[in-house]
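Please read all numbers here as calculations on a predicted model, not as lab measurements. One-based numbering, in listed order, for ligands and for the atoms of each.
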Amino acid sequence: MCSRNRIIIRVKLEIFGCSGGIGKGLKTTTFLLDDTLLIDAGTGVELLTMEQMLKIRTVVISHAHVDHIVGLPLMLATIYDQHQHPIDVYALPDVIQALQAHIFNWTIWPDYTTLPEYNPILKLHALNVSDTLQTPAHHITALPAAHPTPTIGFLVSDGQRRFVFTGDTGCNDALWPILNSSPPDLLIIDVSFTDDVQELARLSGHLTPSQLVDQLGQLNQPCPVRITHLKPGFEQAIMQRCQHLLPDWDLDALRQGDCFRLQAIEPCPD
Ligand SMILES: [Zn+2]
Ligand SMILES: [Zn+2]
């Protein structure tokens, strides 16, 4: 019997977009999990190859804001002729309704829930707060978020390792008791604005660095934190302030091109 341990990659998370806006080199929220599951479909979908798009089986959508969905209709049209499997899309019921009414309505885009007739490429499914979606490799639990439109975050776990994406959110006191009972190995959290536009941040449902301090103060156990949805042009100012206020945390900007491999150490099999 082997006495050594081996490192197993449990979860691979690739960041194709994480900006709070667009501009040269900046793409909006698009995360790819273990090649098969897309978390939000922002403009980062543009960076996926055809091969990568064809591997995606499931898409979870945090909310209906256009920076999180625009890649979905475009991806479906792109892979329509070649796909082998339908794409299952999970989101809050309000978001499903919005996608059906405002995107897949034959005016803005074809209704892919009816195309092709005998095996439609798009299947829309409701996912409510606290629901857990089981895929072959992951459990994805919908978390509460505080944003002007119905929004969720996600707790993604393979049973051993887990990460949290807050979705777009302002102060969200309902989140922290959940994370305290399931401490994440990585927390991706929205801080879009600087402290001098607190009112704009409050109205638009995003955090500022000072509010981040208050929010992380509710976490019993520190974990690595990556900041997402930074407003273009303010990335450095926001990050400097966050790091100044939270010097003891493993805290950095989430960056397009990042790839996280959450590992576990397991005994070698016989
Ligand atoms: Zn939003
Ligand atoms: Zn957004």
Enquirer: Check Asp67 and report its N/O/S atom nearest to the Zn ion (ligand 2), by atom name.
Expert: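 The atom in question is OD2.
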
Enquirer: Would you please indicate if the ring centroids of His229 and His68 are separated by under 6.0 Å?
Expert: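 Judged by ring-centre distance (under 6.0 Å), His229 and His68 do meet the cut-off.
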
Enquirer: Should His138 and Asp158 be marked as a side-chain hydrogen bond (donor to acceptor under 3.5 Å, both in side chains) after you check the CA-CA gap, both sets of side-chain angles, and the distance that decides it?
Expert: CA-CA 5 Å; His138 309 102; Asp158 75 331; over 6 Å; no

Enquirer: Verify the ring-centre separation between Phe154 and Phe163: is it less than 6.0 angstrom?
Expert: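 Not under 6.0 Å, so no.
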
Enquirer: Of all the atoms in His68, is at least one N, O or S atom closer to the Zn ion (ligand 1) than 2.8 Å?
Expert: no

Enquirer: Evaluate the ring planes of His125 and Tyr90, with Trp represented by its six-membered ring, and classify them as parallel (under 30°), tilted (30 to 60°) or perpendicular (over 60°).
Expert: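 Plane angle under 30°, so parallel.
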
Enquirer: Provide the atom name of the closest N, O or S atom of Asp168 relative to the Zn ion (ligand 1).
Expert: OD2

Enquirer: Would you give the angle at the Zn ion (ligand 1) between His147 atom NE2 and His65 atom ND1, to the nearest 10°?
Expert: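 Taking the Zn ion (ligand 1) as the apex, I get 90° for this pair.
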
Enquirer: What's the spacing between Leu13 CG and Arg226 CZ if we round to 0.5 Å?
Expert: 11.5 Å

Enquirer: Any N/O/S of His229 under 2.8 Å from the Zn ion (ligand 2)?
Expert: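 Within the cut-off used here (under 2.8 Å), His229 does place an N, O or S atom near the Zn ion (ligand 2).
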
